[in-house]
Amino acid sequence: MDEEFSVDDPTQLLDSASDFADQPGLPNDAAAKDFLDRFPLPLIINCLQTKANVPGLENTLAACLGRIFRTKYGASLIPQYMAFVEVGLKANSHVVRHLACRTVALLLENSREEASYAIQLIIDYDIYSLLLDCLINGDETVATPSMDAIMKLAALPKGIDIIFPADNNKATHLGNLAVRSSSLGRVRVLSLIVKLFSVSRSVASVIYSSNLLNLLEAGVSNTNDSIARLSILELLYELAEVQHSTEFLSRTTLLQLLCSIIGNSATDLYLRLRAMMISGRLLSKENAHIFVDDSSVKTVISAIDGRLGFLESQDTAECESALEALGDIGSSIQGATLLLLSVPPAARHVIDAAFDRQGRGKQLAALHALANIAGETRPENSRILNSIAEESLRRLIYEVASRSTKLTPSGLILSILQQAAEVRLAGYRMITGLVARPWFLMEICSKQEIINIVTDATTDTTKIGMETRYNCCKAINKAFTSSKLIGDPAFAAIAEKLEEAVRNGPYLAKKQHQAIPEVKTAERF
């Protein structure tokens, strides 16, 4: 660094940098240029390198540079100082490495129109391998921005070629890195793979072709490190949210591994909970049947059914997770059909718990699961299942009712709607899904109290509660107007009430009488 950019007393720089870093709002080009006219970048970098022992200097200058590089003007200067970014990525200081990672991310973020130039800079200064080192060996403040920078690289056209080199023996190949890393480093590499997987189907295809999903399988199979195993299951839970996850994960042994975890009583509870939730997520997608055959789905259902049978009437977190997983599986037509046609039908656990007030959390999970199975989350024309599955659903509900003190499904439904708001909301969802069936519509219309609750705009006070009630009301009205009941004089009052409630919308409260002042204006003489 030239002597003209060295400084013996950094006090003035430190004070000005602190003021700049603390300015409210987003930084702008004019402010950044004005600051750098007074304190050129080489001078600031020199201070970072030579005055790091000055209390507060490193944090203040890093915060100041972070704001400068967030401006368009500041970002345009980054390519000129890539040598210092390279040094910063190798620094011992976590503060400096954090700044360097953020600077790379800002370079890539602002280089979309000149992507090829930014990519060449990344290659010339070996930035990618340094980012990987920050990811694996840095603390959390360094690992997070380094992953963010790598994701920005993946968003550029040629960035994927750097992240997934053609040569599998290259040191930066993620598979090789995971094998060489510590337990924590391996989890971080796997976390990066999961995030990259979500970028697009084409990137996910590259990840699958590179055998990187095998690393997740190996991690789930590793019974010697429970903490790492749980971390990998958390990553799989995130991965299962991705739209194209089922397509690629179905080609691996992960579903079988998850089933073995679910069915093993000796396995840690939290591992079983996560395995259930991941399985449910993977099989919840409507296109799951294209990639997962019925036998594999049945195996998952059987494993969860076995756990619920073992737990019986216990109101535990495992029960709730199992019911939620069955609900996820049942959100697709294929899954709902298999739940109702298994022998004995696994859906019986959901229906039994939905109308059982003994366990609040368990009942809530079951009501939402039953709503999914009934088709509340599916398009309206996909709610009804085949005739055998439909008969199984009807029979299971009537059997539960016959064993209860309410005797009829309508009595059970009314009981649910008279409970606390969160239970009532789940009840609305259940009705929305089930009411497309003529027999269930008849149950709803047989109790005036049910109609009174679902048509009363003052029943619920939260936005989600009001909207869910209104959706329920609309579903009942649509089923009613499409049924034979529409011309029956006995149901004329119900028809009128439903139409009025739908017309009024979700938020209209009962009419209030206008306030009338009790004090008269004084008479004038």
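All values below come from the heavy atoms of this structure, side chains included, with hydrogens, waters and symmetry mates left out.
Taking T337 as the reference, I333, L341, L385, N386, A389 meet the side-chain contact (heavy atoms from CB on, under 4.5 Å) condition, with sequence neighbours excluded. I193 is linked by a side-chain contact (heavy atoms from CB on, under 4.5 Å) to L174, V189, L190, I207, L212, L215, counting only residues two or more places apart in sequence or in another chain. For D126, the side-chain contact (heavy atoms from CB on, under 4.5 Å) partners at least two apart in sequence or on another chain are S129. Under the rule for a salt bridge (Lys or Arg N to Asp or Glu O under 4.0 Å), the partners of R274 that lie at least two apart in sequence or sit in another chain are E234. Partners of H289 according to the ring-ring contact (aromatic ring centres under 6.0 Å, His included) rule, which considers only residues two or more places apart in sequence or in another chain, do not exist here. In this view, F39 and F35 satisfy the ring-ring contact (aromatic ring centres under 6.0 Å, His included) rule, not counting sequence neighbours. F69 pairs by the ring-ring contact (aromatic ring centres under 6.0 Å, His included) definition with nothing, not counting sequence neighbours. In terms of the side-chain contact (heavy atoms from CB on, under 4.5 Å) criterion, residue partners of Y73 (sequence neighbours excluded) are, by chain and number, D29, A32, K33, L36, T71, S76, L77.
Checked by atom type and distance alone, the side chain of T432 pairs as donor or acceptor with a backbone atom of Y428 at under 3.5 Å. No donor-acceptor pair under 3.5 Å is formed between the side chain of S321 and the backbone N or O of E318. At least one donor-acceptor pair under 3.5 Å links the side chain of N471 to the backbone N or O of E467. Under the 3.5 Å distance criterion, the side-chain polar atoms of N222 are matched with a main-chain donor or acceptor of N224. A donor-acceptor distance shorter than 3.5 angstrom exists from the side chain of K285 to the backbone of A240, with no hydrogens or angles considered. Listed for the R424 side chain is no donor-acceptor partner under 3.5 Å among the backbone atoms of G465. With N287 contributing its side chain and I290 its backbone, the two residues share no donor-acceptor pair below 3.5 Å. Between the side chain of N264 and the backbone N or O of S260 there is no donor-acceptor pair closer than 3.5 Å. When atom types are taken as modelled, the side chain of S205 and the backbone of R201 share no donor-acceptor pair closer than 3.5 angstrom. Proximity of a side-chain donor or acceptor of N176 to a complementary backbone N or O of N168 within less than 3.5 Å is detected.
Smallest separation of non-hydrogen atoms from P165 and T172: CG-OG1, 4.3 Å. Between D460 and M466, the shortest heavy-atom distance links the atoms O-CG, 3.4 Å. Across all their heavy atoms, A149 and L108 have their closest contact at O-CD1, 3.5 Å. In terms of heavy-atom proximity, V95 sits nearest to A62 at CG1-CB, 3.6 Å. R229 and V220 get closest at one heavy-atom pair: NE-O, 2.6 Å. D225 approaches S183 most closely through the heavy-atom pair OD2-OG, 3.1 Å.
Enclosure of atom CD1 in I123 by more than 12 non-hydrogen atoms of other residues, nucleotides or ligands within 6.0 angstrom is indicated. The number of heavy-atom neighbours closer than 6.0 Å to CG of L269, taken from other residues, nucleotides and ligands shown, is above 12.
Relative ring orientation between F197 and F248 is described as perpendicular, the plane-to-plane angle rising above 60° on a 0-90° scale split at 30° and 60°.
With rounding to the nearest 0.5 Å, the separation of OG1 in T459 from CZ in R469 is 6.5 Å. Between the OG1 atom of T468 and the CD1 atom of I431 there is a distance of 11.5 Å, given to the nearest 0.5 Å. Separating the CG atom in L236 from the CE atom in M277 is a distance of 14.0 Å, to the nearest 0.5 Å. With values rounded to the nearest 0.5 angstrom, S200 atom OG is found 6.5 Å from H244 atom NE2. For the atom pair NE2 (H368) and OG1 (T377), the distance works out to 12.0 Å, reported to the nearest 0.5 Å. Atom OG of S331 and atom CG of L283 lie 9.0 Å apart (nearest 0.5 Å).
Using a 4.5 Å cut-off on side-chain heavy atoms (C-beta onward), L192 and L132 make contact. Using a 4.5 Å cut-off on side-chain heavy atoms (C-beta onward), V502 and Y470 make contact. Taking the side chain as every heavy atom from C-beta outward, V104 and L130 never approach each other to under 4.5 Å. Contact of the K195 side chain with the E238 side chain is registered, since non-hydrogen atoms from C-beta on lie closer than 4.5 Å. Contact of the L216 side chain with the L213 side chain is registered, since non-hydrogen atoms from C-beta on lie closer than 4.5 Å. Between E140 and R188 there is a side-chain heavy-atom pair separated by less than 4.5 Å. Using a 4.5 Å heavy-atom threshold, the side chains of V300 and I329 count as touching. For the pair I127 and L107, the minimum side-chain heavy-atom distance is 4.5 Å or more.
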> D148 and C101: side-chain contact (heavy atoms from CB on, under 4.5 Å), yes or no, with the steps?
Replying inline: CA-CA 8 Å; D148 181 53; C101 290; over 6 Å; no

> Between I278 and L282, is a side-chain contact (heavy atoms from CB on, under 4.5 Å) present by the stated rule, with each step listed?
Replying inline: CA-CA 6 Å; I278 294 163; L282 286 173; 4.0 Å; yes

> Given the rule in the side-chain contact (heavy atoms from CB on, under 4.5 Å) test, do V423 and R360 qualify, once you have shown the distances and angles that lead to the verdict?
Replying inline: CA-CA 8 Å; V423 177; R360 177 77 166 273; 3.4 Å; yes

> Step by step, would you call I45 with L61 a side-chain contact (heavy atoms from CB on, under 4.5 Å)?
Replying inline: CA-CA 9 Å; I45 292 169; L61 293 186; over 6 Å; no

> Does the pair N372 and R429 meet the rule for a side-chain hydrogen bond (donor to acceptor under 3.5 Å, both in side chains), with working shown?
Replying inline: CA-CA 8 Å; N372 289 353; R429 289 193 63 235; 2.7 Å; yes

Run the side-chain donor-acceptor check on residues 15-25: report pairs under 3.5 Å with partners two or more places apart or on a different chain.
| unit_1 | atom_1 | unit_2 | atom_2 | d |
| --- | --- | --- | --- | --- |
| S16 | OG | Q12 | O | 3.1 |

Give every donor-acceptor pair under 3.5 Å between a side-chain atom in residues 82-92 and any protein atom, sequence neighbours left out.
| unit_1 | atom_1 | unit_2 | atom_2 | d |
| --- | --- | --- | --- | --- |
| E86 | OE2 | K90 | NZ | 3.4 |

For residues 251-259, please give each side-chain donor-acceptor pair under 3.5 Å, one per line with the distance, not counting sequence neighbours.
| unit_1 | atom_1 | unit_2 | atom_2 | d |
| --- | --- | --- | --- | --- |
| R251 | NE | E247 | O | 3.4 |
| R251 | NH2 | E247 | OE2 | 3.4 |
| T252 | OG1 | L249 | O | 2.6 |
| T252 | OG1 | L254 | N | 3.2 |
| T253 | OG1 | E217 | OE1 | 2.4 |

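The list of ring pair (Phe, Tyr, Trp, His ring centres under 6.0 Å) pairs with a residue in residues 130-187, not counting sequence neighbours, is empty.
The existence of a salt bridge linking E109 and R102 is excluded, since no basic side-chain nitrogen approaches an acidic carboxylate oxygen closer than 4.0 Å.
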